[in-house]
Number of protein chains: 2
Amino acid sequence: MKRIADSTVRRLSMYLRYLEDLDTRGQQTASSDELAHLCGTTPAQVRKDLSFFGSFGKRGLGYPVHELTAHLREILGLQREWKVIIVGAGKIGAALANYRGFRQRGFTVVGVYDHDPAKVGKAWGDATIRSMDSLAQDIQREEAPIAVLAIPAENAQAVVDQIVAAGIRAILNFAPTQISVPPHVSLKSVNMAMELEGLSFALTNAGLLDQGAA
Amino acid sequence: MKRIADSTVRRLSMYLRYLEDLDTRGQQTASSDELAHLCGTTPAQVRKDLSFFGSFGKRGLGYPVHELTAHLREILGLQREWKVIIVGAGKIGAALANYRGFRQRGFTVVGVYDHDPAKVGKAWGDATIRSMDSLAQDIQREEAPIAVLAIPAENAQAVVDQIVAAGIRAILNFAPTQISVPPHVSLKSVNMAMELEGLSFALTNAGLLDQGAA
DNA sequence: CTAGCTTTGTGAAGATTTTCACAAGCACCA
DNA sequence: TGGTGCTTGTGAAAATCTTCACAAAGCTAG
């Protein structure tokens, strides 16, 4: 099987979101053109993306919304529940622990962990904050495959090494630093400062042609 | 001037982060090889990225750390202060308002806004939560060019239209929905559920070759 | 001053991703 | 049953991004 590009997976995820909307509203079929318009891409792109995984559409008609939704869920591995642990009970950790979008998609937070003894034991939504000491065994006991890292950059790599050793298989990293993992562990990083810097660049370089800011 | 790829800008941002570290530690020069290693890319990529903007290095020696740091700051438009407003005083808004990384990089939060009358007036870090009604005039008075959107998907496009009309020039969107802006406004979206789904996909498709999870 | 070692800057090659364009397939209608 | 209109699926072309490979340039030592 050919390798699937990261950008493709991202778009599949977006298609799924909008297909679910259409499905809820009872729409039977959707054309690549309609999906493309909703998702801000092109019809050809939609068709190419989907065609990696099979022929889901009917020519002349479009794609069956409900059926394609199910197919995409399966492709993305969302037909099951994923157990997730959150490491770091700061503001970002709080936002993530409460995020409805996760649960809606089948991601269940089974534990929140923090270094700080003052926070350990406090209830937080459904979960109670636990000590980092129990992190490794909890990963193994719960068989949680995914960890979300919401801790400062300094400790990040050390914590990663720890949870990788405990058997974690995927990490979503919010710490603003490069971290490295063995090849069998998947890693995605989100860096908010970096995103803002991208905007700063865009503003600065449009500004040269446009009107210089004060 | 040739168009700069988004991925290039992202890497520049990363180079800057690590160069600052090196600079703090007093290191004089850094080779493309060293930078690449720190940032998880290749030496050729580093050189190519930098060469878009000029010749900053010395052959046989590498790049002068302090000088290149300054160049990158200028390229990214970080030599000035950027005023930022945050729309949405939920958990995500809270995390962003408190995020040190923003201020460190020259992004100053000049206002936090929320729809909910119960929240309006409360102090939040340095800022006080204000009503959405004052949003438009505040953008104009403060000349804040950047908005961070941390609100539910439903209202997102409406709020965007509002702040675009008020003269915002860049938006960092955390609402899990596609939004559209006129061409003179820059837009970046961060979607945490989508990132997790990317991990789910990776796990699912590695799992077929590896050992299926329970 | 020259030889030797190192590292940049960059055209060209290679790889990947997106767009184009059109034949093939399906539904509907008369 | 055959014609018409629409939309998919997909090779091929175009565009974009990354890697390669090497000449040019600087530094050090003798």
Side-chain angles (χ1 to χ4, degrees), chain A residues 1-15 18-19 22 27-72 75 178 198 201-202 205, chain B residues 1-15 18-19 22 27-69 71-72 75 178 194 198 201-202 205:
Chain A
M1 194 204 240
K2 226 185 141 197
R3 215 187 121 270
I4 302 299
D6 201 67
S7 49
T8 304
V9 177
R10 206 167 275 230
R11 285 191 299 267
L12 291 177
S13 191
M14 196 158 41
Y15 303 153
Y18 285 97
L19 283 165
L22 296 177
Q27 187 168 328
Q28 297 293 314
T29 62
S31 66
S32 58
D33 201 70
E34 181 174 7
L35 270 178
H37 206 264
L38 285 170
C39 299
T41 180
T42 64
Q45 184 80 79
V46 172
R47 297 202 294 276
K48 184 70 87 179
D49 285 342
L50 295 176
S51 77
F52 273 119
F53 300 95
S55 282
F56 304 118
K58 281 212 173 81
R59 299 178 188 220
L61 238 146
Y63 296 91
V65 171
H66 190 73
E67 210 179 305
L68 182 55
T69 303
H71 275 300
L72 284 178
I75 290 165
Q178 187 69 18
F201 176 82
N205 293 53
Chain B
M1 196 206 241
K2 225 182 144 201
R3 214 185 123 271
I4 303 298
D6 202 66
S7 50
T8 304
V9 177
R10 206 167 276 231
R11 284 191 300 266
L12 291 178
S13 193
M14 197 157 40
Y15 302 154
Y18 285 97
L19 283 165
L22 295 177
Q27 187 168 328
Q28 297 294 312
T29 61
S31 66
S32 58
D33 201 70
E34 180 173 8
L35 271 177
H37 206 263
L38 285 171
C39 299
T41 180
T42 65
Q45 185 78 78
V46 172
R47 296 201 297 274
K48 184 70 88 177
D49 285 342
L50 295 175
S51 75
F52 274 119
F53 301 95
S55 282
F56 304 118
K58 283 212 171 79
R59 300 177 188 221
L61 218 99
Y63 297 91
V65 171
H66 190 74
E67 210 178 306
L68 182 55
T69 303
H71 275 300
L72 283 178
I75 290 166
Q178 185 69 18
M194 199 176 280
F201 176 83
N205 293 54

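Lettering of chains follows the sequences in order, A, B, ..., and the numbering in each one begins at 1.
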Here the gap from B/Phe56 atom CZ to B/Glu67 atom CD, rounded to the nearest 0.5 Å, amounts to 9.0 Å

A/Lys58 vs B/Pro43, nearer the 5' end of DNA chain C by closest nucleotide
B/Pro43

Tell me whether the side-chain N/O atoms of B/Arg11 come closer than 4.0 Å to OP1 or OP2 in D/dT18.
yes

What distance separates A/Leu72 CG from A/Tyr63 OH, expressed to the nearest 0.5 Å?
10.5 Å

Using whole Å, what does the distance between atom P of nucleotide D/dT7 and atom CD of A/Gln28 come to?
16 Å

Side-chain N or O of B/Tyr63 versus OP1/OP2 of D/dG26: is the shortest distance under 4.0 Å?
no

A/Lys48 side chain: which of C/dT17, C/dA27, D/dG11 is closest?
D/dG11

How close or far is atom C1' of C/dT8 from atom CD of B/Glu67, stated in whole angstroms?
15 Å

Between atom CG in B/Leu68 and atom C1' in C/dT7, what is the gap in whole Å?
15 Å

Which pair of heavy atoms, one from A/Ser13 and one from B/Met194, lies closest together, and at what distance?
OG-CG, 3.4 Å

Of the listed nucleotides D/dT10, D/dT19, C/dG9, the one nearest the side chain of B/Ser55
C/dG9

Against the side chain of B/Arg47, the closest entry in D/dG9, D/dT19, C/dT8 is C/dT8

Please determine whether a side-chain nitrogen or oxygen atom of A/Ser32 lies at a distance below 4.0 Å from atom OP1 or OP2 of D/dT7.
no

d(OH, A/Tyr15; P, D/dT8) in whole Å:
12 Å

Would you please confirm or rule out a distance under 4.0 Å between OP1 or OP2 of C/dT19 and any side-chain N or O of A/Gln45?
yes

To the nearest angstrom, the CG-C1' distance between A/Asp6 and C/dT17 comes to 13 Å

Rounded interatomic separation in angstrom, taking CZ from B/Arg10 and C1' from D/dC17:
15 Å

Measure from the side-chain heavy atoms of A/Ala5 and tell me the nearest of D/dT8, C/dT17, C/dT10.
C/dT17

Nearest 0.5 Å, please: how far is CG in B/Leu61 from OG1 in B/Thr29?
5.0 Å

Measure CG/B/Leu61 against C1'/D/dA24 and give the value in whole Å, please.
15 Å

Considering only heavy atoms and no angle criterion, is a donor-acceptor pair shorter than 3.5 Å present between the side chain of B/Arg59 and the base of C/dT8?
yes

Is the count of non-hydrogen atoms from other residues, nucleotides or ligands lying under 6.0 Å from A/Gln27 atom CD greater than 12?
yes

Spacing between B/Phe52 atom CZ and D/dT16 atom P, to the nearest angstrom:
12 Å

